[in-house]
Structure formats: C-alpha cells, structure tokens
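Reading through the structure tokens given below for one structure.
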Amino acid sequence: MLSKISHIGVAVASLDEAIPFYRDNLGMTFKGTEEVAEQKVRVAFFQIGESKIELLEPTSPESPVAKFLEKNGPGVHHIAYEVHDIEKAISELAGQGVRMIDSVPRNGAHGTRIAFLHPKSSRGVLTELCQEGH
Ligand code: CMX
C-alpha cells in the first residue's frame, strides 16, 4: 500500500527564520514555498534523496499546526507516505478499524491529495497518506 516516505513535516513558527538552516547549514535543495489554504499552513519543501522535508508555518491561530506549536513548540509534526491509490488505502485502513481523520482525500501541497490517520491509531505519530497528481 505504501511505496516510500513522501515527506516529513516539521512545524515551525516562521519559514523565513527556519529556511536558512535547512538550505544553508544542512545544504538541502530548496524547492520553494506554497500556501495550502485548506490546511491553514504555508509550507517550504526541501528535497533529500527520494523524499522531502516539509516545513509548516501556521497561517491562522485555528491551524492544527498553531495548536501543535502552542502545545509542543517546534518539531516533527507528521510523516507522510506515498500511495498510488489514496481512496483504496483509506478504505483498506478504515476497514481494518484504523481511525482516519480524513475519510475523503483533501488537497495538499503541489497538487497532491492527502488524508491523515489519527495519531491515536498510529501510535502517537500523525501519519499522512499522499498521492501525487490529481
Ligand atoms: N503528532 C502527534 N500527536 C498529535 C499531533 C501531532 N502532529 N497533533 C495532535 N496530536 C495529539 C495531541 O497531543 C492530543 O493527544 P492527547 O489527547 O494525548 O493530549 C491528540 O492528538 C488530540 O489533539 P488535540 O490538540 O486535542 O486536538 P486537535 O484539535 O489539535 O486535533 C488532530 C488533533 C491530529 C486531529 C489535528 O491536528 C488534525 O486534524 N491534524 C491533521 C491535519 C494537519 O495537521 N494539517 C496540517 C499539515 C498540512 C500539510 O501537510 O499539508
């Protein structure tokens, strides 16, 4: 069902403050920024091998990332796995009794379709399914 790690999401208070560390100190390839209005976040992507690092900055106090930062401070927010058929993956997981946050895919960054599993089901790790393209 899962083909690779698509990206690891890292919550930050400010993209402008965090980008230079990943780009200049760690030397990762900066792929640009994008606002994902549906998720109330602005993201910055870095390529690292076949996967990416996604920095997440909240655009509203109601953003799940704003709540996460308030509770935990900056840090690893979620792991996203690539799937080829997101509807099939959601239905298989839900059929196995896994608690899904999204039973229908939502829009993610770069034209992806995404769905989150609840961290209570995935042993404390917020887990995302991610399908490239539409
Ligand atoms: N990783 C691990 N656990 C998390 C978490 C995270 N990122 N976010 C919340 N939790 C935990 C909380 O610690 C809490 O645990 P306890 O009950 O043990 O205290 C529990 O989940 C519920 O959290 P909450 O703060 O009470 O409730 P929220 O209203 O914040 O909802 C969640 C939590 C996961 C349902 C919500 O954050 C959500 O829907 N997340 C998915 C969407 C998202 O994060 N989008 C931003 C990413 C955008 C992108 O990648 O494009």
Side-chain angles (χ1 to χ4, degrees):
M1 178 170 36
L2 311 177
S3 53
K4 66 171 189 180
I5 292 176
S6 163
H7 62 265
I8 296 174
V10 177
V12 300
S14 158
L15 289 186
D16 290 345
E17 189 274 328
I19 285 170
F21 170 72
Y22 284 86
R23 185 190 56 207
D24 305 332
N25 298 98
L26 294 183
M28 289 187 192
T29 306
F30 177 51
K31 304 288 281 186
T33 60
E34 182 181 334
E35 182 163 345
V36 187
E38 201 171 320
Q39 298 287 321
K40 299 190 174 70
V41 290
R42 212 160 67 87
V43 303
F45 270 105
F46 298 85
Q47 194 73 39
I48 175 72
E50 63 168 10
S51 303
K52 297 184 187 73
I53 294 293
E54 178 190 63
L55 303 183
L56 304 148
E57 174 195 80
T59 54
S60 144
E62 286 83 49
S63 167
V65 174
K67 290 186 191 168
F68 178 91
L69 285 168
E70 221 171 85
K71 195 168 173 183
N72 307 288
V76 173
H77 179 263
H78 67 266
I79 299 180
Y81 299 96
E82 191 168 301
V83 293
H84 296 303
D85 183 342
I86 195 164
E87 277 86 2
K88 187 161 176 257
I90 292 170
S91 127
E92 277 181 24
L93 288 165
Q96 292 159 12
V98 173
R99 184 172 161 196
M100 299 297 301
I101 293 171
D102 302 303
S103 53
V104 174
R106 296 197 247 179
N107 296 323
H110 307 302
T112 55
R113 293 191 307 139
I114 62 173
F116 284 95
L117 281 63
H118 199 281
K120 293 287 180 213
S121 258
S122 39
R123 310 304 185 271
V125 178
L126 179 60
T127 299
E128 178 187 324
L129 308 175
C130 181
Q131 185 179 346
E132 299 285 328
H134 277 286

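Indexing begins at 1, ligand by ligand and atom by atom, following the structure's order.
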Note to self: Just verifying a value: how many Å separate Glu70 CD and Ser63 OG, rounded to the nearest 0.5 Å?
What the structure shows: 11.0 Å

Margin query: More than 12 heavy atoms of other residues, nucleotides or ligands under 6.0 Å from NE2 of His84: yes or no?
Written below: no

Next item on the list: Flag the pair Arg113 and Glu87 as a salt bridge only when some basic side-chain nitrogen lies within less than 4.0 angstrom of an acidic carboxylate oxygen.
Entry: yes

Next item on the list: Determine, considering heavy atoms only, which of His110, Glu128, Lys71 sits nearest to atom 13 (O) of ligand 1.
Entry: Lys71

Check: Can you find a protein heavy atom under 4.0 Å from atom 26 (O) of ligand 1?
Finding: no

Next item on the list: Decide whether Ile8 and Ile101 are clustered together by the hydrophobic rule: side chain heavy atoms of Ile, Leu, Val, Met, Phe, Trp, Tyr closer than 4.5 Å, transitively.
Entry: no

Checklist line | For atom 29 (O) of ligand 1, closest protein heavy-atom neighbour | finding: Lys67 NZ, 3.5 Å

Note to self: So does Thr112 get a backbone contact from the side chain of His110, meaning a donor-acceptor N/O pair under 3.5 Å?
What the structure shows: no

Notebook entry, point to check: Parallel, tilted or perpendicular: which fits the ring planes of Phe46 and Phe30, with parallel below 30° and perpendicular above 60°?
Noted result: tilted

Check: Relative to the heavy atoms of Phe68, which atoms of ligand 1 are at a distance of less than 4.0 Å?
Finding: 6 (C), 7 (N)

Margin query: I'd like to know if Phe45 and Ile53 are part of one continuous hydrophobic network [Ile/Leu/Val/Met/Phe/Trp/Tyr, side-chain heavy atoms within less than 4.5 Å].
Written below: no

Note to self: How close do Asp102 and Phe116 get, counting heavy atoms only, and between which atoms?
What the structure shows: OD2-N, 2.9 Å

Notebook entry, point to check: Looking only at protein heavy atoms, which one is nearest to atom 38 (C) of ligand 1, and how far off is it?
Noted result: Ile101 CD1, 3.9 Å

Next item on the list: Kindly state if atom 41 (C) of ligand 1 has a protein heavy atom within a strict 4.0 Å cut-off, that is, under 4.0 Å?
Entry: yes

Note to self: Please tell me if atom 17 (O) of ligand 1 is touched by the protein, where touching means a protein heavy-atom distance below 4.0 Å.
What the structure shows: yes

Next item on the list: Would you mind listing which atoms of ligand 1 come within a distance below 4.0 Å of any non-hydrogen atom of Gly124?
Entry: 2 (C), 3 (N)

Note to self: Looking only at protein heavy atoms, which one is nearest to atom 44 (O) of ligand 1, and what is the separation?
What the structure shows: His77 CE1, 3.1 Å

Note to self: Just to confirm my output: which protein heavy-atom neighbour is closest to atom 45 (N) of ligand 1, and how far is it?
What the structure shows: Gln39 OE1, 2.6 Å

Check: Side chains of Leu55 and Glu17: closer than 4.5 Å at any heavy-atom pair?
Finding: no

Check: Nearest non-hydrogen atom to atom 49 (C) of ligand 1 belongs to which of Ile79, Leu56, Val36?
Finding: Leu56

Notebook entry, point to check: Have Glu54 and His77 got a donor and an acceptor in their side chains that come within less than 3.5 Å?
Noted result: no

Next item on the list: With heavy atoms only and a cut-off of under 4.0 Å, state how Leu126 meets ligand 1: side chain, backbone, both or neither.
Entry: both

Check: Is there a side-chain contact between His7 and Glu82 (heavy atoms, below 4.5 Å)?
Finding: no

Next item on the list: Quick one: look up the protein heavy atom nearest atom 37 (O) of ligand 1 and list residue, atom name and how far away it is.
Entry: Pro64 CB, 3.4 Å

Checklist line | Protein contact to atom 33 (C) of ligand 1 [nearest heavy atom, distance to 0.1 Å] | finding: His118 NE2, 5.0 Å

Checklist line | In one Ile/Leu/Val/Met/Phe/Trp/Tyr side-chain cluster, 4.5 Å: Val65, Val76 | finding: no

Check: For atom 3 (N) of ligand 1, is the nearest protein heavy atom closer than 4.0 Å?
Finding: yes

Next item on the list: Would you mind listing which atoms of ligand 1 come within a distance below 4.0 Å of any non-hydrogen atom of His78?
Entry: 50 (O)

Next item on the list: Around atom 21 (O) of ligand 1, find the nearest protein heavy atom and jot down its residue, atom name and distance.
Entry: Pro119 CG, 3.7 Å

Check: So is Lys120 polar-close to ligand 1, meaning N/O to N/O under 3.5 Å?
Finding: yes

Next item on the list: Say whether Glu54, considering both its backbone and side-chain N or O atoms, lies within less than 3.5 Å of an N or O atom on ligand 1.
Entry: yes

